[in-house]
Number of protein chains: 2
Amino acid sequence: MSRPTISDVARAAGVTKATVSHAYSGHRPISAATKARVFAAADALRWVPSSSARALAARRANAIGVVLRRDPAILASDTFFPAFIAGVEQTLAEREVALVLQVVGSRGAEERAYQAMAAGRADGVVVLDLHRADWRVPFLAGLGLPAVLLGAYEGETRLSCVRTDDAAPVRDLVAHLRERGHTRIAHVAGPLDYVHSYARARAYVRAVGSRALLREGDFTAGSGRALTADLLALRDRPTAILFANDTMAIAGTSYAQSRGLRVPEDLAVAGFDDDHLSAHLSPPLTSVSTDPARRGRVATARLLADVAGDDPRDVAVDCTALRLRASTDAPAPATARRTTPAPELEEEFR
Amino acid sequence: MSRPTISDVARAAGVTKATVSHAYSGHRPISAATKARVFAAADALRWVPSSSARALAARRANAIGVVLRRDPAILASDTFFPAFIAGVEQTLAEREVALVLQVVGSRGAEERAYQAMAAGRADGVVVLDLHRADWRVPFLAGLGLPAVLLGAYEGETRLSCVRTDDAAPVRDLVAHLRERGHTRIAHVAGPLDYVHSYARARAYVRAVGSRALLREGDFTAGSGRALTADLLALRDRPTAILFANDTMAIAGTSYAQSRGLRVPEDLAVAGFDDDHLSAHLSPPLTSVSTDPARRGRVATARLLADVAGDDPRDVAVDCTALRLRASTDAPAPATARRTTPAPELEEEFR
DNA sequence: ATGAAAGCGCTAACAG
DNA sequence: CTGTTAGCGCTTTCAT
């Protein structure tokens, strides 16, 4: 025996399919009495509406999509993603909307994934890992698929955008280090074509007035270690390093310690994203919490509004918070007081 | 103008819908010439088949589901989940199957989620966080929804199951510590109603011959810290602690260090799951890598086979590997040589 | 407040 | 090898 359909329920309740449908959707008034009969019948038959039939008829998937183009290895070590998804699901859980996730390996596969979403898999998508010039922005607009961009997109677009101020915490971190006497503060950034990496790097360059001690990593432990080695080999080595995420910061710390440097006495270290382990390290790692779950909730709520027909709009989320911990809590070593060359700001970061 | 349908493509190519459909599905032979015309027409019209229409007609969603019942905070700090998902997506990417994810907060919501999956959202599900007596096993069997259980389920079931030997690495770890002279080895377990926590705890109890130094945590840093404090306050404190995951191990290490104990000289510490940061800590943390991505691939392949009509079956994945690092690499402190009370094995763990 | 009926866009017999 | 024709199980006008 196969699963019951809406017709079975209608027959059992002595009404038509339309009545059953409306009893559930509330799209038109149904008397309390028949509504009760309908629900009772549905209950007795253990009827659950077919989501594919509903999607086809109503032209709405009751699902939103996320497509990620990432190396699985990087996905696996990402602290942002699961927390973000948790937030997405939190606001999804209240409505009966599902999340469709697709991880792809190539540009072609990514396009197909978005097309499939537009072709009925999902009613809208949230776009992560936003690039400064992101082809997906015009592409999605062309598909007519509701979308919200996560990150401070600077280009032209009519898509909704959930913005975060990544610059403020970087400025605060630099100020915090300056107060302790640091003058040679380095930054190990993430890939600079990401809007958030770029925003952090730009804030850093503006705050310190030079990009001499800026290095571009890729968020992996390996690059954190390598670039720390690079920086510490400098003639005037930095006395403080700001990393664009905690993974790189932790790898960098461990490298520095293996070279006999004490953290924070000889080298101050700060991360970004506030990994759940960071408060438990030795020394505890100064970081910036960015509340990915909250951004997930906000982005999802915004997307649901877009899907419901609202006009796209920008929303700013104030979700960063400094977590000052022991890894930056010592006076800068005496050598830090040496003068540094006059800052020269390059055009790109103005 | 709305998106083109299969009829538009058929008309443009001078064939019928059936031909278009079969040209894509390969469910029956189509001459190369017409196939080419069909593809050309589809291309020109930018036709993408509607997944909801396809799902309804073919009774197949081309999606698999995962429903998770978790506190978002725990999801966010879980190292297993993203890696597992990455593996799932790796094998999904090759076929054109999507992943539908639903995170729920209550038993009722969980049942509804599985029912929705069975009602057309997904063709099958993979079941995580398996409990020793898991209501979902009979429930899913009742729904007739293909499912694969991740973990060594010991009950009766006809569902596929992807098993891992969690006991062997625990035994090896205990042996490794004994070689270094440890006699008081503790274990901070995960919740014992999970099959994998239980398997690890049981292997530990069998290896050390006593459950006097067994504590039940909940995989969070907080519980790792609290239970470490508890163990270290014992009159005959343990000289080594095995934690059921790295998060608890790291929190425990940091607590021990804050109390003036050196790791590994005064206290040896090992984790489980091999978090990506663990090799970068000071000292690097001994752990057990469990290759969640591989298990994701295997479970997904198995599920796809079930969906395709194969008989359910058990598959064993040999995916654990000891990562011996500095946190366990020192001779046990002299005090470890004191005799310990005679082991008494409790019934439950036989 | 309820019924009747026409699709939504595709797949899969059934013919030829 | 290709065309015809029913549905898949809902939603949603249009009636009444």
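First the proteins, then the strands, lettered A, B, ... as listed; each starts at 1. Because the structure is a prediction, the values reported are computed rather than measured.
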Check: Nearest to the side chain of A/Ile6, which nucleotide is it out of D/dT11, C/dA12, D/dT2?
Finding: D/dT11
Next item on the list: Verify the contact: side-chain N or O of A/Ser52 to OP1 or OP2 of D/dG9, cut-off strictly under 4.0 Å; return yes or no.
Entry: no
Margin query: Rounded to the nearest 0.5 Å, what separates atom CG in A/Leu150 from atom CZ in A/Arg295?
Written below: 5.5 Å
Notebook entry, point to check: Rounded to the nearest Å, what distance is computed from the CZ atom of residue A/Arg28 to the C1' atom of nucleotide D/dC14?
Noted result: 10 Å
Note to self: Return whichever of A/Arg54 or B/Lys35 has its heavy-atom-nearest nucleotide of DNA chain D closer to the 5' end.
What the structure shows: B/Lys35
Checklist line | Rounded interatomic separation in angstrom, taking CG from A/Asp8 and P from D/dG9 | finding: 9 Å
Next item on the list: Would you mind reading off the distance between A/Trp47 atom CH2 and D/dG9 atom C1', rounded to a whole angstrom?
Entry: 9 Å
Check: Salt bridge or not for B/Asp129 and B/Arg70, using N-O below 4.0 Å?
Finding: yes
Item checked: Nearest-Å distance for atom pair NE2/P, residues A/His22 and C/dA1 -> 13 Å
Next item on the list: Find the distance B/His27:NE2 to C/dC10:C1' and express it as a whole number of Å.
Entry: 12 Å
Check: Is atom CG of A/Asp310 surrounded by more than 12 heavy atoms (other residues, nucleotides or ligands) closer than 6.0 Å?
Finding: yes
Margin query: Is there a side-chain contact between A/Ser25 and the phosphate of D/dT11, meaning an N or O under 4.0 Å from OP1 or OP2?
Written below: no
Next item on the list: Return the nearest nucleotide to the side chain of B/Thr5; candidates are C/dC10, D/dT2, C/dA12.
Entry: C/dC10
Check: Given side chains that start at C-beta, do those of A/Val125 and A/Ile64 come closer than 4.5 Å, heavy atoms only?
Finding: no
Check: Which sits closer to the 5' end of DNA chain D, B/Thr16 or A/Ser50, going by the nucleotide each is nearest to?
Finding: B/Thr16
Next item on the list: Might you work through the salt bridge (charged side-chain N to carboxylate O under 4.0 Å, His left out) test for B/Glu111 and B/Arg136, ending with a clear yes or no?
Entry: CA-CA 9 Å; B/Glu111 288 186 5; B/Arg136 296 173 296 177; over 6 Å; no
Item checked: Option passing side chain to side chain contact (heavy atoms under 4.5 Å, CB included) with A/Leu149 (candidates A/Val126, A/Leu130, A/Asp314) -> A/Leu130
Item checked: For atom CZ of A/Arg59 and atom P of D/dT13, their distance in whole Å -> 10 Å
Check: With sugar-phosphate meaning primed atoms plus P, OP1 and OP2, does A/Val20 contact a base, only sugar-phosphate, or nothing at under 4.0 Å between heavy atoms?
Finding: nothing
Check: Looking only at side-chain N and O atoms, does A/Ser21 come under 4.0 Å of OP1 or OP2 in D/dC10?
Finding: no
Check: Which nucleotide sits closest to the side chain of B/Ala58: C/dA12, C/dA5, C/dA1?
Finding: C/dA12
Margin query: Side-chain N or O of B/Ser31 versus OP1/OP2 of D/dT2: is the shortest distance under 4.0 Å?
Written below: yes
Check: Looking at C/dA12, D/dA6, C/dG3, which one has an atom nearest to any side-chain atom of B/Lys17?
Finding: D/dA6
Check: Over how many whole Å does the gap from A/Arg60 atom CZ to D/dT12 atom C1' extend?
Finding: 15 Å
Check: Can you check the A/Arg121 CZ to C/dG9 P distance for me, whole Å?
Finding: 18 Å
Notebook entry, point to check: Is a donor-acceptor pair below 3.5 Å formed from side chain B/Arg11 to base D/dG3, judging by atom type as modelled?
Noted result: no
Check: Which of these nucleotides, D/dC8, D/dG3, C/dA12, is closest to any side-chain atom of B/Leu56?
Finding: D/dC8
Next item on the list: Please determine, for the side chain of B/Ala53, which listed nucleotide (C/dA1, C/dT11, C/dG9) has the closest atom?
Entry: C/dG9
